[in-house]
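Below is one structure, written out as structure tokens; the observations come after it.
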Amino acid sequence: MKKIELSAGTIEYEDTGGSGPTLVLLHGLMMDASLWDELISDLSADHRCVAPTLPLGAHRHAMRPGADLSLPGAARLVAEFLDRLGLRDVTLVGNDTGGALVQLLMCDDAAPVGRVVLASCDAFDNFPPGLTGRTLVLAGKLPPRVFGLFMQQMRLRAVRRLPIAFGWLTKRGDAATARWMKPVLTQPEIRRDTVRTLRAVVSDTGFLVGVAERLKGFDRPALVVWASEDRVMPPEHGRRLAELLPYGQLAEVDDSYTLIPLDQPARLARLIRDFTGVGPG
């Protein structure tokens, strides 16, 4: 795992290198870049895959005290990350709240975005998303130490599989969700960062409604991939996004919940290859 020093602090990231089209993969709250491991293993044969671990609750390096840990702040951090790596004309791929970050960057004319993939993500008025998001945001109102005690329950698989946790986000990814919990369970400074992020979420729960209006002006290719069984991100939001975007197209994925990179990585890889026009070999 590589590291880079940005204005907010140290960011870890995966970068496979290579001369193929560049995919920048963005994860959601309480996740890290390993969300994309299986997808990267597949697509790195003909794409450059870059996946940062953003300060959204599963990061391992605490951010600086004055860092902006709101979601708009995280989007600006991604823009800084792209600039520092000299990445141009990238395909941004976002899942869960990572898709909200992609939408924010789609509205930034200076961001080096050539095309986007929005995979079962926060959109319109679904923020924080579903029962999972609302529970997490409520927990974020607790003091960091008490928040840490509350999150200790996530050590138990039975709790992680509840609808208020990861149970409605992934069918098959419990090993990943257990791994994502370790930083917030063991590092007080990560708990402080996470509480700051969750409290920033509460301060503006309607920001994606305004973002959606601006997406009508996004004049580049956009692929919307949605899990047909999604219980957290309404499938009708996928259809609405595809219709809203001037060059949007929709693909639905069966036998998956929100976290398609965990539940159906091979299917998602095929869709992305078709979208970028680069096949294996």
Side-chain angles (χ1 to χ4, degrees), residues 23-31 35-40 42-43 51 56 71 75 91-107 113 115-134 136 163 165-173 176-177 207-209 211-216 218 220-277:
L23 306 174
V24 177
L25 307 156
L26 305 181
H27 61 79
L29 287 168
M30 307 306 299
M31 304 173 198
L35 169 70
W36 305 103
D37 280 356
E38 290 191 59
L39 192 78
I40 289 172
D42 189 331
L43 289 175
L56 296 177
L71 290 185
T91 298
L92 282 182
V93 185
N95 180 217
D96 192 77
T97 305
L101 300 180
V102 170
Q103 292 171 60
L104 285 165
L105 289 160
M106 291 165 71
C107 298
V113 182
R115 59 183 67 212
V116 300
V117 179
L118 296 170
S120 277
C121 62
D122 308 18
F124 306 108
D125 59 350
N126 187 35
F127 183 79
L131 183 60
T132 304
R134 291 193 294 273
L136 187 58
F166 288 98
W168 283 357
L169 286 174
T170 176
K171 291 186 171 187
R172 304 177 181 88
T177 66
F207 81 99
L208 284 178
V209 175
V211 167
E213 284 298 310
R214 298 175 63 191
L215 293 181
K216 297 175 184 178
F218 186 76
R220 280 145 282 173
L223 172 64
V224 179
V225 182
W226 224 264
S228 59
E229 299 177 46
D230 207 317
R231 300 183 180 188
V232 178
M233 312 297 179
E236 60 266 27
H237 281 187
R239 293 187 285 271
R240 283 178 62 190
L241 278 171
E243 292 170 359
L244 179 70
L245 294 162
Y247 298 95
Q249 54 184 288
L250 175 67
E252 293 192 346
V253 174
D254 294 332
D255 194 21
S256 177
Y257 288 162
T258 302
L259 301 184
I260 302 172
L262 295 183
D263 288 348
Q264 291 291 347
R267 171 65 172 148
L268 182 57
R270 288 195 298 271
L271 289 168
I272 290 175
R273 275 201 174 94
D274 290 343
F275 183 56
T276 62

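For the numbers below, each heavy atom of this structure counts, side chains included, while hydrogens, waters and symmetry mates do not.
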- Could you check if a side-chain atom of Asp96 sits within less than 4.5 angstrom of a side-chain atom of Cys121, using non-hydrogen atoms only? no
- Message: Return the CZ to OG1 distance between Phe275 and Thr91, rounded to the nearest 0.5 Å.
- Response: 6.5 Å
- Note on the structure: Looking only at heavy atoms, the pair that brings Leu131 and Pro163 closest together is CD2-CB, 4.1 Å
- Note on the structure: So CG of Leu23 and OG1 of Thr276: to nearest 0.5 Å the spacing works out to 6.5 Å
- The complete set of ring-ring contact (aromatic ring centres under 6.0 Å, His included) pairs with one or both residues in residues 229-265, sequence neighbours excluded, reads Phe124-His237
- Task: Mark yes when over 12 heavy atoms from residues, nucleotides or ligands other than Glu229 sit less than 6.0 Å from its CD; otherwise mark no.
- Result: yes
- Task: Would you please name every residue forming a side chain to side chain contact (heavy atoms under 4.5 Å, CB included) with Pro246, sequence neighbours left out?
- Result: none
- Asp230 and Ser120 side chains, donor-acceptor separation under 3.5 Å: yes
- Message: I'd like to know whether Leu26 forms a side chain to side chain contact (heavy atoms under 4.5 Å, CB included) with Val102, so could you lay out the CA-CA distance, the side-chain angles of the two residues, the decisive distance to 0.1 Å, and finally the verdict.
- Response: CA-CA 8 Å; Leu26 305 181; Val102 170; 3.9 Å; yes
- Task: Go through the steps for Leu104 and Val211 under the test side chain to side chain contact (heavy atoms under 4.5 Å, CB included), then give the verdict.
- Result: CA-CA 7 Å; Leu104 285 165; Val211 167; 3.8 Å; yes
- Item | Derivation and outcome, side chain to side chain contact (heavy atoms under 4.5 Å, CB included), residues Leu39 and Leu25 | CA-CA 10 Å; Leu39 192 78; Leu25 307 156; 4.1 Å; yes
- Note on the structure: d(Leu43 CG, Arg270 CZ) to nearest 0.5 Å is 11.0 Å
- Message: Could you tell me if the side chain of Phe218 sits less than 4.5 Å from the side chain of Leu244, heavy atoms only?
- Response: no
- When rounded to the nearest 0.5 angstrom, what distance separates CZ in Arg172 from CD in Glu38? 10.5 Å
- Message: Is there a side-chain contact between Leu56 and Leu71 in this structure, where contact means two heavy atoms from C-beta onward sitting under 4.5 Å apart?
- Response: yes
- Note on the structure: Residues passing the side chain to side chain donor-acceptor pair (under 3.5 Å) test with Glu213, sequence neighbours excluded, are Lys216
- Going from CG on Asp263 to CG on Asp255, what distance comes out if it is rounded to the nearest 0.5 angstrom? 7.5 Å
- Message: Contact between Val116 and Val93 at the side-chain level, heavy atoms closer than 4.5 Å - yes or no?
- Response: no
- Task: Identify the heavy atoms of Leu250 and Ala242 that sit nearest to each other, and give their distance.
- Result: CB-CB, 3.8 Å
- Yes or no on side chain to side chain donor-acceptor pair (under 3.5 Å) for Asp254 and Ser228, after CA distance, side-chain angles and deciding distance? CA-CA 5 Å; Asp254 294 332; Ser228 59; 2.9 Å; yes
- Item | Those residues that, when tested against Asn95, pass side chain to side chain donor-acceptor pair (under 3.5 Å) (two or more places apart) | none
- Item | Trace of the side chain to side chain contact (heavy atoms under 4.5 Å, CB included) decision for Thr177 with Leu169 | CA-CA 10 Å; Thr177 66; Leu169 286 174; over 6 Å; no
- Query: Which heavy atom of Leu105 sits nearest a heavy atom of Ala75, and at what distance?
  - Reply: CD2-O, 3.5 Å
- Item | Main-chain N/O of Pro234 paired with Trp226 side-chain donor or acceptor, under 3.5 Å | yes
- Message: To the nearest 0.5 Å, what is the distance between CG on Leu262 and NZ on Lys171?
- Response: 13.5 Å
- Message: Can a donor-acceptor pair be found, under 3.5 Å and without considering hydrogens, that links the side chain of Arg214 to the backbone of Cys107?
- Response: yes
- Distance-only, no hydrogens or angles: does the Arg267 side chain make a donor-acceptor pair with backbone N or O of Val253 under 3.5 Å? no
- Note on the structure: Contacts of Arg239 meeting side chain to side chain donor-acceptor pair (under 3.5 Å) (sequence neighbours excluded), chain-then-number -> Glu252
- Find out whether Leu223 and Leu118 are in side-chain contact, i.e. whether some heavy atom of one side chain is under 4.5 Å from a heavy atom of the other. no
- Task: Output all residues satisfying salt bridge (charged side-chain N to carboxylate O under 4.0 Å, His left out) with Asp42, sequence neighbours left out; order by chain, then residue number.
- Result: Arg273
- Ala123 versus Leu241, closest heavy-atom pair with distance: CB-CD1, 3.9 Å
- Query: Would you say the side-chain atoms of Asp122 pair up with the backbone N or O of Asn126, donor to acceptor, closer than 3.5 Å?
  - Reply: no
- Query: Would you call Leu29 and Leu136 a side-chain contact if the rule is heavy atoms closer than 4.5 Å?
  - Reply: yes
- Query: With a 4.5 Å limit on heavy-atom distance, are the side chains of Leu268 and Pro261 in contact?
  - Reply: yes
